[in-house]
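For reference, the structure is listed below as structure tokens.
All residue numbers in this chain count up from 1 along the given sequence.
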Amino acid sequence: MKIRRCAVLYIEPRETLAIDWAALFAGNSTLAASHHWLALAPHLDREITLDQQQLMALGSISQTLWCERQACAERCGEAVITSLLELGLLVSQDPAYAALRARDDTLRALHWRPLSALAHTFSRWQQVGADTGMSAPSFQQLLDQYGPPPAPTASHRGCGAPLALPAAASGLLDAALLQRYTGRNFDPQATLALPLLARLLQRSFGAQAVRDMGPQVQVMKKTSPSGGSLHPIEAYLLVQRVDGVAPGWYYYQPIAHTLQPLRLLERDQAAALAMQMLADQHWFANAPVQIVMVARMERNYWKYRNHQKAYKVLGLDAGHLSQTFYLLCSEAGLPAFVTAAVNDVVVEQALELDHLQHAVMAVCGCGAAAEGARNMVELRYGESGAL
């Protein structure tokens, strides 16, 4: 039976600091450092502690070529090879390890850039909330702890005097741009009209035109740019309070302009799921709808295979889409929001998505502001258009 190393594997020497009580009582340095090796493999989605023998074995086995297991066992030890197969760091043609090999095959087939796969996998959140990392210090606490922040603008030594620019002329977009602001106090009882949601979806995420480029090849034109014109980001909706639409999860089909129900929920279930997904950001979870931007990696990496910039472009795509959504909401007189502080794994589990094939990029949404909320925002932050 043949084996090989998993497709993407990074090894980290992790240092852990602890109090050295013996040294403390002896009057010496009180900190002691311990070191261990960690294996980070995106297809496994967890950190794995290695011993020296496992580390050496992994370094001696190809990630591309299949090797005879017996030969590897004779060289590295049967117990070591077995342990690495059970962990999934080695993959095998043996049917007993078929599930772990399938995960590795998925990663290989998608043509991820290895560093991008690593960053994506291990930057995802789960079970983050107000008591586990989302509680933000006040501005005064930040000042007390870190001192003043860096200046709001960069400073450069130029090669001449600054050139004064003429005042910005008025334009058609001014009304929407200058009224745009991030809502942090949505009316928890207000609903969103379905015709308005339809416009927001179609103009932000919908296909404005579709061109056939060949057999089974279609290219969409949207109101936002996309790297390679691929438009790999899809919109999934967690509906809480939309007129005529039952609460639950929906997929927005950008060409047909339809909402496909995926999982219906009770209203309180949808509200609780929004809070969990948004890591207890109740100021966003109260909005009547949350739109999750999910990238389809197979479409992105179809063109940009193992490409250094492919994953970075997805962030740009999500930013373009969210800003278009913001402007449309501003036009409609509604505050909007976008956040990347999301428990990605909650979304993946709810929609049955594989993180190797789908990347949860961000969540946006909108709704009516609570009474007086805009004035409260302006008093707290000053220029609301800058939010």
Side-chain angles (χ1 to χ4, degrees), residues 1-16 32-124 126 295-312 344-345 348-349 352-359:
M1 198 66 66
K2 293 186 176 182
I3 63 174
R4 65 182 176 185
R5 196 172 74 237
C6 60
V8 179
L9 175 63
Y10 286 87
I11 306 297
E12 177 189 340
R14 182 74 60 86
E15 180 178 88
T16 303
S34 61
H35 303 84
H36 56 281
W37 295 100
L38 283 181
L40 304 174
H43 74 294
L44 297 177
D45 195 16
R46 68 182 188 275
E47 298 177 346
I48 298 173
T49 302
L50 298 176
D51 61 29
Q52 196 70 30
Q53 290 179 308
Q54 291 171 322
L55 182 66
M56 296 304 294
L58 288 169
S60 69
I61 297 174
S62 172
Q63 71 177 53
T64 306
L65 302 178
W66 290 99
C67 313
E68 291 293 341
R69 173 176 175 166
Q70 185 59 37
C72 295
E74 290 174 359
R75 185 173 67 251
C76 304
E78 176 62 35
V80 172
I81 297 301
T82 299
S83 69
L84 293 173
L85 284 168
E86 291 175 348
L87 290 170
L89 298 174
L90 294 179
V91 293
S92 173
Q93 297 174 334
D94 187 338
Y97 300 104
L100 291 169
R101 180 185 171 184
R103 297 294 297 152
D104 185 64
D105 287 345
T106 296
L107 184 59
R108 291 174 188 267
L110 288 169
H111 305 287
W112 275 90
R113 185 74 174 177
L115 278 173
S116 298
L118 185 77
H120 166 62
T121 298
F122 292 99
S123 63
R124 290 153 51 249
Q126 60 177 324
R296 288 171 54 212
M297 307 313 298
E298 63 177 354
R299 185 162 177 84
N300 191 49
Y301 286 123
W302 169 80
K303 180 176 182 178
Y304 298 116
R305 300 187 176 209
N306 195 23
H307 198 288
Q308 297 95 325
K309 299 292 184 180
Y311 188 71
K312 187 175 184 178
D344 316 59
V345 178
E348 293 164 2
Q349 292 175 346
E352 298 182 353
L353 303 177
D354 178 356
H355 82 275
L356 297 180
Q357 301 183 63
H358 298 88

Non-neighbouring partners of [X] that pass side chain to side chain contact (heavy atoms under 4.5 Å, CB included), sequence neighbours left out:
| X | result |
| --- | --- |
| Ala41 | Cys6, Leu9, His43, Leu44, Leu89 |
| Glu15 | Leu17, Ala33, His35 |
| Lys309 | His307, Lys312 |

Going from [atom1] on [X] to [atom2] on [Y], what distance comes out if it is rounded to the nearest 0.5 angstrom?
| X | Y | atom1 | atom2 | result |
| --- | --- | --- | --- | --- |
| Asn306 | Gln308 | CG | CD | 7.5 Å |
| Leu55 | His36 | CG | NE2 | 12.5 Å |
| Ile11 | Leu40 | CD1 | CG | 7.5 Å |
| Lys2 | Asp94 | NZ | CG | 14.5 Å |
| Leu87 | Ile48 | CG | CD1 | 5.0 Å |
| Asn300 | Tyr304 | CG | OH | 8.0 Å |

Where do [X] and [Y] come nearest, in terms of heavy atoms and distance?
| X | Y | answer |
| --- | --- | --- |
| Ala359 | Met297 | CB-SD, 3.7 Å |
| Val91 | Arg5 | CG2-O, 4.3 Å |
| Ala117 | Leu107 | CB-CD1, 4.2 Å |
| Leu356 | Pro42 | CD2-O, 3.8 Å |

Subject >> Pairwise ring pair (Phe, Tyr, Trp, His ring centres under 6.0 Å) hits with a residue in residues 65-117, at least two apart >> reply: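 For residues 65-117, and leaving out neighbouring residues, the ring pair (Phe, Tyr, Trp, His ring centres under 6.0 Å) pairs sorted by first residue read Trp112-His120, Trp112-Tyr301, Trp112-Tyr311.
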**OP:** Could you note down all residue pairs passing side-chain hydrogen bond (donor to acceptor under 3.5 Å, both in side chains) where residues 69-81 supplies at least one of them, sequence neighbours left out?
**Re:**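 Of all non-adjacent pairs touching residues 69-81, those that pass side-chain hydrogen bond (donor to acceptor under 3.5 Å, both in side chains) are Arg69-Glu78, Arg69-Thr82, Gln70-Glu74, Glu78-Thr82.
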Subject >> Pair listing, side-chain hydrogen bond (donor to acceptor under 3.5 Å, both in side chains) test, anchored in residues 49-62, at least two apart >> reply: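 Sorted result for residues 49-62: Gln54-Ser83.
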Subject >> Leu50 and Leu58: CA distance, side-chain angles, deciding distance, side-chain contact (heavy atoms from CB on, under 4.5 Å) verdict >> reply: CA-CA 10 Å; Leu50 298 176; Leu58 288 169; 3.7 Å; yes
Subject >> Test log, rule side-chain contact (heavy atoms from CB on, under 4.5 Å), inputs Ile61 and Ile81 >> reply: CA-CA 10 Å; Ile61 297 174; Ile81 297 301; 3.9 Å; yes
All side-chain hydrogen bond (donor to acceptor under 3.5 Å, both in side chains) counterparts of [X], not counting sequence neighbours:
| X | result |
| --- | --- |
| Arg296 | Glu234, Glu298 |
| Glu86 | none |
| His355 | Thr121 |
| Gln93 | none |

Original post:
Does any pair with a residue in residues 33-46 pass salt bridge (Lys or Arg N to Asp or Glu O under 4.0 Å), and if so which ones, sequence neighbours excluded?
Top reply: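 The answer is Asp45-Arg124.
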**OP:** Please list all pairs passing the salt bridge (Lys or Arg N to Asp or Glu O under 4.0 Å) test where one or both residues lie in residues 102-114, with sequence neighbours left out.
**Re:**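 Salt bridge (Lys or Arg N to Asp or Glu O under 4.0 Å) check on residues 102-114 returns Arg101-Asp105, Arg103-Asp354, Asp104-Arg108.
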**OP:** Take Leu65 and Arg4 through the test side-chain contact (heavy atoms from CB on, under 4.5 Å) and record every step on the way to the result.
**Re:** CA-CA 6 Å; Leu65 302 178; Arg4 65 182 176 185; over 6 Å; no
Original post:
Under 6.0 Å from the CE atom of Met1, do we count more than 12 heavy atoms belonging to anything else shown?
Top reply: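 Counting other residues, nucleotides and ligands, CE of Met1 exceeds 12 neighbours.
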